[in-house]
Amino acid sequence: MTRKFDPELLYVECHRCGQPVLWKRGMTTKLLKLAKIDPSTLDARCVIISEGCPNCVPDETTFTTQVIRLNREKDERSSMPAVAN
């Protein structure tokens, strides 16, 4: 029996300051839908990287994000851009 991965459990981190980014429940699912990324293609190796956060850029309210799949091989990085405002 396989378990379905809950995309709301994806780790979100600010690329600028390295801090975890917390947002309201459902935001990850909304971003994935806007970016046309099928949540069933994601797993626990995937993270969301934000190009800023309210902590390091307090005047901004929207940030570009990317979904990154972490691999064991250093040079084999797969990313799926997800832009949302």
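We number each residue from 1, following the sequence as shown.
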May I have the list of side-chain donor-acceptor pairs in residues 30-37 shorter than 3.5 Å, sequence neighbours left out?
none

task: Would you name the heavy atoms of Pro7 and Thr29 that are closest together and state the gap between them?
output: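 Closest approach of Pro7 to Thr29, heavy atoms only: CG-OG1, 4.0 Å.
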Nearest heavy-atom neighbours spanning Cys56 and Cys14: SG-SG, 3.6 Å
message: Quick check on side chain to side chain contact (heavy atoms under 4.5 Å, CB included): which of Val57, Val21, Ile49 does Phe63 satisfy it with?
response: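 Answer after filtering Val57, Val21, Ile49: Val57.
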- line: Rounded to the nearest 0.5 angstrom, the CG-SG distance for Asn55 and Cys17 is 5.0 Å
message: How long is the straight-line distance from OG1 of Thr65 back to CE of Met27, given to the nearest 0.5 Å?
response: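 Rounded to the nearest 0.5 Å, the CE-OG1 separation comes to 10.0 Å.
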task: Not counting sequence neighbours, list each pair that qualifies as a side chain to side chain donor-acceptor pair (under 3.5 Å) and has a residue in residues 15-27.
output: Trp23-Thr28
side-chain hydrogen bond (donor to acceptor under 3.5 Å, both in side chains) partners of Ser40, counting only residues at least two apart: Asp38
- prompt: What pairs with Ser50 under side-chain hydrogen bond (donor to acceptor under 3.5 Å, both in side chains), at least two apart in sequence or on another chain?
  reply: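 Here no residue qualifies.
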- prompt: Taking the side chain as C-beta and beyond, is there a heavy-atom pair between Phe5 and Pro39 under 4.5 Å?
  reply: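 Side-chain contact under 4.5 Å: no.
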query: Given the rule in the side-chain contact (heavy atoms from CB on, under 4.5 Å) test, do Leu10 and Leu42 qualify, once you have shown the distances and angles that lead to the verdict?
result: CA-CA 9 Å; Leu10 286 176; Leu42 304 176; 3.8 Å; yes
Salt bridge (charged side-chain N to carboxylate O under 4.0 Å, His left out) partners of residues 43-68, not counting sequence neighbours, each pair once: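 Every salt bridge (charged side-chain N to carboxylate O under 4.0 Å, His left out) pair that includes a residue of residues 43-68, provided the two are not neighbours, is Asp43-Arg45, Asp43-Arg69.
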